[in-house]
Number of protein chains: 2
Amino acid sequence: MAKSQAYHHGDLRRALLDAALKLITEQGVDKFTLRETARAAGVSHNAPYRHFPSRSHLLGELAVEGHGMLREQLLKAIEASDGTPLEKLLAIGVGYAEFAMQRPAMFRVMFSSEAARDESAALQMERGKTFGMLELELAHCVTAGVLSCESTSDAALAGWAAMHGISFLFIDGGMQDRPLTGGRSTKQIARMVLETLVFGLRQNGTTISAQPETTKPLRKAKK
Amino acid sequence: MAKSQAYHHGDLRRALLDAALKLITEQGVDKFTLRETARAAGVSHNAPYRHFPSRSHLLGELAVEGHGMLREQLLKAIEASDGTPLEKLLAIGVGYAEFAMQRPAMFRVMFSSEAARDESAALQMERGKTFGMLELELAHCVTAGVLSCESTSDAALAGWAAMHGISFLFIDGGMQDRPLTGGRSTKQIARMVLETLVFGLRQNGTTISAQPETTKPLRKAKK
DNA sequence: AGGCTATGTTGCTGATGTCAACATTAGTGC
DNA sequence: GCACTAATGTTGACATCAGCAACATAGCCT
């Protein structure tokens, strides 16, 4: 198994992805360079081109793998919960934010525009899978009678947005310091946001006027 | 006033920022390059260094200006609302997402890690100002009795996260196609998310168990 | 054995961020 | 008016990067 420093590497593709992940994790996305990655894998600066057509393709593949890692972690979080539908749902949300905090560079890659350039279809699919997990668990909550909503899809989207947003706010350094967190952990903040979503902000009796015409009041001839 | 093609530019600093903004807006952040920016401003490739110590500093300044633009737009959105506290609040949220959609590249710069590298204090301040607007308007809702929450700060954070998240999901192409949107506009989606937050998902009677001990159950000697 | 193809390598080009040295201009005190 | 100085731009250079082309090696198939 001693990878005899042969001309052929064995599994350079895998090695490159690993090296790239390591570089990105340890030194940020900026440090990711095809050449640096090749160096880390112990091959010449052009070897990566035998496995990835371009830098963004490699990044894209990495992003796809990241989504896989995320889902694995979410599944573990679900298992670690107390098993009630609502706690499972919250575990997904909190797990999402925790993943972002634990692997900020990877998380950023997963949603970077460069990674999306050449792997947008695959990434779309990956995001869809994750969203599916979320929506399913939310539907279970509705079935179990603990939550209610008009559209599980919309509700799941709202939840996703909330966790996606808090994740980025965290890793962008928007707030790992005191002002808003009050000493609470990421996990606690994420959970607080989710609970706010679940309980809502409405004072008894509050209603919202029918979607007002804020854009263009020139709806005359139309229809 | 005819800017006589003099050796000195007059206000190169401003011109560089404008050129950079234009490049980024029109051709994406990737296209932003000190040299390209200098070219667009009609100066040599090293002139920018007389005004910005590095590429990331320029980007950072641009990000700061972006936050200013965002707040201006939010103020306009508030004015354009029907004036009730709740509609003002919703206008802020929806306006945030709309800004992100209208200026995706700028929005990305505003939260990019590179811009944060050298201007993190200034950016922190900018984000704080925006958050302040949100929290104040939310407090007005509470005062007016249309919303209720334990902590306006937490509630505002939840709202910010939701809108920040939906904004990034939109501009990252996570969903400008049909599946989730169902043909609705950005504005409608953003509003739906906000309304979900306001109304909550709770079925009457749902409670959440006291924050479970998911992290470390080793809380013995402590107090 | 002979040849084909996948995989790696060396060398190149055009572009970039940044440094150093030089050039020009705008104010300043006289 | 006029020299001096700091501010502002310019030219030239270096190391690095992504990507292209041409070449080298090794595994595999017949």
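Computed from a predicted model, the values in this text were never measured in an experiment.
- Rounded to an integer number of Å, the gap from A/Arg55 CZ to C/dA15 P is 18 Å.
- In this model, the phosphate group of C/dT16 is approached by a side-chain N or O of B/Arg39 to a distance below 4.0 Å at OP1 or OP2.
- Closest to the A/Ala47 side chain, of the nucleotides C/dG8, D/dA18, C/dT16, is C/dG8.
- If you look at A/Tyr96 and A/Phe107, their ring centroids are closer than 6.0 Å.
- The existence of a salt bridge linking B/Arg191 and B/Glu87 is confirmed by a sub-4.0 Å separation between a basic side-chain nitrogen and an acidic carboxylate oxygen.
- Looking only at side-chain heavy atoms (C-beta outward), A/Leu16 and A/Leu34 stay at 4.5 Å or farther from each other.
- DNA chain C is contacted by both B/Glu36 and B/Pro53; B/Glu36 maps to the nucleotide lying nearer its 5′ end (nearest heavy atom per residue).
- A close approach under 4.0 Å does not occur between any side-chain nitrogen or oxygen of A/Arg50 and OP1 or OP2 of C/dA6.
- The nearest whole Å value for the distance from the OH atom in A/Tyr49 to the P atom in C/dC12 is 18 Å.
- Counting non-hydrogen atoms under 4.0 angstrom, B/Arg35 reaches a base of the nucleic acid.
- The side chain of A/Ser44 sits closest to C/dT10 out of C/dT18, D/dT11, C/dT10.
- Atoms NE2 (B/His45) and C1' (C/dA21) sit 12 Å apart, rounded to a whole Å.
- In this pair, A/Phe168 and B/His164 present their aromatic rings perpendicular. The plane angle is above 60°, beyond the 30 to 60° band.
- Rounding to whole angstrom units, NE2 of residue B/His57 and C1' of C/dT18 are separated by 14 Å.
- As rounded to whole Å, 13 Å separates atom P of D/dC17 from atom CG of A/Asp30.
- For B/Lys76, there are no salt bridge (Lys or Arg N to Asp or Glu O under 4.0 Å) partners, not counting sequence neighbours.
- The separation between A/Phe52 atom CZ and C/dT7 atom P is 12 Å, rounded to whole Å.
- For A/Glu26, the CD atom counts as densely surrounded, since its 6.0 Å shell holds more than 12 non-hydrogen atoms of other residues, nucleotides or ligands.
- Aromatic rings from B/Phe111 and B/His67 are positioned such that their centres are separated by under 6.0 Å.
- Contacts with DNA chain C (heavy atom under 4.0 Å) in residues 12-25 of chain A: A/Leu12, listed by number.
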inquiry  = Run A/Arg184 and B/Asp154 through salt bridge (charged side-chain N to carboxylate O under 4.0 Å, His left out) and show every step you take.
reply    = CA-CA 12 Å; A/Arg184 291 171 292 179; B/Asp154 276 7; 2.8 Å; yes
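- Under a cut-off of 6.0 angstrom, the local environment of CE in A/Met69 is crowded, with over 12 non-hydrogen atoms contributed by other residues, nucleotides or ligands.
- A heavy atom closer than 4.0 Å to some atom of DNA chain C occurs in no member of residues 109-122 of chain A.
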